[in-house]
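Positions are given from 1 along the sequence.
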Amino acid sequence: MRVAIIGSGIAGISLAYFLARSGIDVVVFEKRYPLYGASGRSSGGITLQFDKPEFVDLAKESLKIYDRVQSEVGFNFLYRHDGYIKVARNREDLEKLEKEVRVAKTKGVKAKIIEPEDVKEFVPDFNPDAIEGASYSEGGVIFPWPVIWGFAKGCKEMGVEIKKMSEVSEIIIEKGFVKGVKVNGEVYKADYVVNAAGAWSNEVSSLAGVGLDNRIIKEEVCVSESLKPYLDPYILDVSTGVYLSQSVRGEIVGGILGSEVEKPETSSTFEFLTKYAKRASELIPKLKGLTILRQWAGVYDVAKDEIPVVGLTSVSGFIQFNGLGKFGMCIAPALAKELAILIIRGENRKIEKFSPLRLKIHH
């Protein structure tokens, strides 16, 4: 069996890893280079606090996978278990956090609602007057680059080909069955083709004649000059979308949750900087006057109903693995493990269709 995966972000590369561990012949096609897309432009926030219990399961399993894989491949993913704080500046958003905390607790996650003043226990310079309330839960920050590098290292050691600058121009289909892909004028035979192209998933899906209407989200991020490390947890303001954390080198890494765009593009804007700086300095006054060293933007896709698109299509052998939205780093490895199991078990190219919200996590 040979599987061709389109996209080398966290979804594609972790799926390649699990397939290769089971002896499957895998080739990954990347139109640019690893880390070009959302995974390489992420701030690395890892949360276990969701309003859907199935997402909590996936996030918990993904953290176990990160711990295990970094040992298997001998590559430190630099995950800091320093907690995840969500803040709300109005009662309506605080009620949403209260629901998330209730869901998290049912899944054994350490989570709690805290008063505005209590945030200062985690961030001494925090301004409690800027919020209505907050939640604190397990989670933290992972460095996306080592994650992708580590999975790629493990893949290569198992014989996986990761082809950079290799945009798939055609998905070859005969009588409703996938036969392979065409890349740079060359044909590669494959029994399965997996669309893990993130913000480009709609385009890839159209190559197979399969409709996909994921939204494309652009998200801007920036990094400041370094301060003496003092900000341990990851902080997300759910009311404004502003988030920030501090790197091990002391830089403040922050951004604003993305908004929909018509097509993938990664230009930066001054409007983002002003909006981010205003709210970030309201939350943590100590940040006023910091110099921004660089900024960037990334793009990812999200399904219309915000449920990942994972499973079969009308074309036998063409599989979707996209629409993970802003939670890719949190849930992709667990989904990849499940999808790999189903591909491996497939006989005569028939796989049981499944919903990621009804997955039973295999331990």
Side-chain angles (χ1 to χ4, degrees), residues 43-51 56 59 79-106 109-142 219-259 271-292 295 326-327 330:
S43 63
I46 298 292
T47 181
L48 298 178
Q49 189 177 307
F50 301 89
D51 61 359
V56 180
Y79 177 56
R80 304 198 329 258
H81 302 252
D82 293 325
Y84 198 108
I85 294 176
K86 293 185 178 183
V87 303
R89 68 176 183 182
N90 58 62
R91 184 64 208 175
E92 181 181 358
D93 289 332
L94 182 57
E95 289 174 354
K96 295 177 182 178
L97 295 186
E98 291 170 346
K99 178 183 178 181
E100 290 182 357
V101 167
R102 290 194 297 270
V103 170
K105 285 183 174 181
T106 65
V109 174
K110 296 178 181 178
K112 60 182 178 180
I113 294 294
I114 58 178
E115 297 296 325
E117 285 288 343
D118 295 336
V119 180
K120 293 173 69 68
E121 297 180 14
F122 303 96
V123 186
D125 192 46
F126 190 85
N127 173 22
D129 295 331
I131 64 171
E132 177 75 17
S135 66
Y136 177 83
S137 65
E138 296 177 64
V141 184
I142 202 166
E219 189 162 311
E220 296 190 62
V221 192
C222 66
V223 62
S224 77
E225 61 183 310
S226 295
L227 294 174
K228 181 179 179 180
Y230 82 104
L231 179 59
D232 293 328
Y234 189 97
I235 299 176
L236 168 64
D237 179 356
V238 298
S239 298
T240 65
V242 169
Y243 56 83
L244 48 93
S245 63
Q246 190 169 25
S247 74
V248 293
R249 296 182 297 187
E251 305 153 325
I252 301 298
V253 181
I256 303 176
L257 294 180
S259 56
E271 179 184 6
F272 153 75
L273 278 182
T274 56
K275 183 178 178 181
Y276 164 75
K278 183 177 185 297
R279 185 54 176 166
S281 58
E282 286 175 352
L283 294 172
I284 306 178
K286 183 177 182 178
L287 303 182
K288 290 181 180 179
L290 278 184
T291 299
I292 299 298
Q295 68 180 104
K326 60 181 177 289
F327 300 127
C330 296

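For D232 against R80, the heavy-atom pair with the smallest separation is O-NH2, 3.5 Å. Shown here for E132 and R91, the closest heavy-atom pair between the two residues is CG-N, 4.0 Å. Of all heavy-atom pairs spanning I235 and L231, the tightest one is CD1-CD1, 3.7 Å. Heavy-atom minimum distance, V141 versus S245: CG2-CB, 4.0 Å. Of all non-hydrogen atoms in I256 and E219, the two that sit nearest each other are O-CG, 3.1 Å. Closest non-hydrogen pair, Y230 versus I284, comes out as OH-CG2, 3.2 Å.
Classified by interplanar angle (parallel below 30°, tilted 30° to 60°, perpendicular above 60°), the ring pair Y276/F272 is parallel.
Without hydrogens or angle criteria, T291 side chain to E225 main chain gives no donor-acceptor distance under 3.5 Å. Between the Q295 side chain and the C222 main chain, no donor and acceptor come within less than 3.5 Å of each other. Counting only distance, with no hydrogens or angles, the side chain of S239 and the backbone of R89 share a donor-acceptor pair below 3.5 Å.
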Please tabulate, one pair per line, all N/O donor-acceptor pairs under 3.5 Å involving side-chain atoms of residues 111-123, not counting sequence neighbours.
residue, atom, partner, partner atom, Å
D118, OD2, E115, N, 3.1
K120, NZ, P124, O, 3.0
K120, NZ, F126, O, 3.4

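Under the side chain to side chain donor-acceptor pair (under 3.5 Å) criterion, the residue pairs touching residues 246-255 are S247-E251, R249-E251, with sequence neighbours excluded.
Rounded to the nearest 0.5 Å, atoms NZ (K326) and CG (L257) are 6.0 Å apart. One finds the OH atom of Y84 at 14.0 Å from the CD atom of E138 (value rounded to the nearest 0.5 Å). To the nearest 0.5 Å, atom NZ of residue K286 and atom CG of residue N127 are 15.0 Å apart. Note that the CG atom of D125 and the CG atom of L287 stand 7.5 Å from one another [nearest 0.5 Å]. Remark: Y243 OH to K86 NZ distance equals 13.5 Å, nearest 0.5 Å. Here the CG-CD1 distance, from L97 to I85, works out to 11.5 Å after rounding to the nearest 0.5 Å.
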Quick one, E282 with R279, criterion side-chain contact (heavy atoms from CB on, under 4.5 Å). Give me CA distance, side-chain angles, the key distance, then yes/no. CA-CA 5 Å; E282 286 175 352; R279 185 54 176 166; 3.0 Å; yes
Begin from the C-alpha positions of S137 and V101 and carry the test side-chain contact (heavy atoms from CB on, under 4.5 Å) through to its verdict. CA-CA 8 Å; S137 65; V101 167; over 6 Å; no
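Looking at T47 and Y234, their side chains never bring a donor and an acceptor atom within 3.5 Å of each other. Between the side chains of Q49 and S135, at least one donor N or O sits under 3.5 Å from an acceptor N or O.
The only member of T240, L94, V242, I131 that meets side chain to side chain contact (heavy atoms under 4.5 Å, CB included) when paired with V87 is I131.
Of the charged side-chain nitrogens involved, none lies within less than 4.0 Å of a carboxylate oxygen, so that K99 and E95 do not count as a salt-bridged pair.
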